[in-house]
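So you know, we letter chains A, B, ... as the sequences are listed, proteins then strands, and number each from 1.
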2 protein chains.
Amino acid sequence: MPVRAVNLVRMAESVAPPEFDPRCPSSDIPVQIGGKWTGMVVRCLQSGPRRFTELREPLRGVTPKVLTETLRAMERDGLVTRTVHDENPPRVEYALTPLGRSLVPLIDAARAWSEEHLPDLLRARETYEP
Amino acid sequence: MPVRAVNLVRMAESVAPPEFDPRCPSSDIPVQIGGKWTGMVVRCLQSGPRRFTELREPLRGVTPKVLTETLRAMERDGLVTRTVHDENPPRVEYALTPLGRSLVPLIDAARAWSEEHLPDLLRARETYEP
DNA sequence: CAGTATCCCATATGATACTG
DNA sequence: CAGTATCATATGGGATACTG
């Protein structure tokens, strides 16, 4: 399996601890938002709204349970909207909100980093010995 | 505990699945690099080399075991160097490599995102109801 | 179609104690 | 000082089967 790129998949909502240490500007306690699939969902929705199964397809390997959890969390955080069209069979569409769209540059930056630096990282990994 | 910012804490080394779906440019299978503390270690080392205990201090809450694991992984990936000075008591210094330093803009971008958008996310979280 | 309902498991993280 | 060594556990992620 060839290595392709690096995705941003997790971010942390950081909370200042009671005893914030000014010597390290990021000595925060992280509380995570996002997860394994969040970044990929954002990218999949970039080109427009998609239905549940339309998301499952390109995200090969994601189980319906996990995709549901991911989408619910993103909805809760205001990253996507969930629209139920009253039809039969049911049709549910997910779309990015402006907030969700604002993540795109960050994800792109992570991928750009990977395209530029991943070979170095992998080389380091190969030559490393404990 | 006031919310301060958002840190990038995880990234995924993405591997193309056998059946890559062209409709979604990021339908990759992620294999994670990084972890809860990696981003903070990078930021702590930004201002120069630090010793093990000098890292433990600002990263309140990290146990020696976990900090060791984090640093070893970062060393393996070529993000930091570990220099043992032959003295007594022992002195070990960790420093960013150019590769490690190249992560800084990405981490800063994540923090910038948070400073700009975290209030929106938290507001969405509060008004959300299942 | 768009999910739920269960069950399961690896692993990331942490608590605590000890050492060359 | 700079770690190891153990042990414990929460939870993110997955497998599988079922449903309005």
* To do: Take A:Glu75 and A:Thr81 through the test side-chain contact (heavy atoms from CB on, under 4.5 Å) and record every step on the way to the result.
  => CA-CA 6 Å; A:Glu75 202 193 345; A:Thr81 56; over 6 Å; no
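- Remark: P of C:dT4 and CZ of A:Arg56 are 13 Å apart, rounded to the nearest angstrom.
- Distances shown here put a side-chain N or O of B:Arg72 below 4.0 Å from the OP1 or OP2 atom of D:dT4.
- A:Cys44 and A:Leu59 make their closest contact through SG-CD1, 3.3 Å (heavy atoms, listed as atom of the first residue, atom of the second, distance).
- Among the nucleotides C:dG14, C:dA2, D:dA2, the one closest to any side-chain atom of B:Phe52 is D:dA2.
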* Going through the distances and angles, do A:Leu55 and A:Leu67 end up as a side-chain contact (heavy atoms from CB on, under 4.5 Å)? -> CA-CA 8 Å; A:Leu55 284 170; A:Leu67 182 54; 4.1 Å; yes
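- The two residues A:Arg91 and A:Glu87 make their nearest non-hydrogen contact at NH1-OE2, 2.6 Å.
- Between B:Arg82 and the phosphate of D:dG3, there is a side-chain N or O to OP1/OP2 separation shorter than 4.0 Å.
- Counting only heavy atoms from C-beta outward, the side chains of B:Arg72 and A:Tyr128 approach each other to under 4.5 Å.
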* Asked: Can you list the steps and then say if B:Arg50 with B:Tyr94 is a side chain to side chain donor-acceptor pair (under 3.5 Å)?
  -> CA-CA 5 Å; B:Arg50 298 225 177 168; B:Tyr94 293 92; over 6 Å; no
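- Looking at heavy atoms from C-beta onward, B:Arg125 lies in side-chain contact with B:Leu121 at the 4.5 angstrom threshold.
- One finds a side-chain N or O of B:Thr53 lying less than 4.0 angstrom from the OP1 or OP2 phosphate oxygen of D:dA2.
- Taking a pair as Watson-Crick or G-U wobble with both distances under 3.5 Å, the runs of three or more consecutive pairs in DNA chain D are C:1-20 with D:1-20.
- Nucleotide D:dG13 holds its C1' atom 8 Å from the CD atom of A:Glu69, rounded to whole Å.
- Counting heavy atoms from C-beta outward, A:Trp37 and A:Thr70 have side chains that approach closer than 4.5 Å.
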* Can you give one letter per nucleotide of nucleotides 15-20 of chain C, going 5' to 3': B for a protein heavy atom under 4.0 Å from the base, S for sugar-phosphate only, - for none? -> B----B
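- The nearest heavy atom of DNA chain C to B:Thr70 and to A:Leu71 marks one nucleotide each, and the one closer to the 5' end goes with A:Leu71.
- At D:dG3, one or more side-chain N or O atoms of B:Tyr94 fall inside 4.0 Å of OP1 or OP2 (strictly under the cut-off).
- Between B:Arg51 and D:dA2 there is a side-chain polar atom (N or O) within less than 4.0 angstrom of OP1 or OP2.
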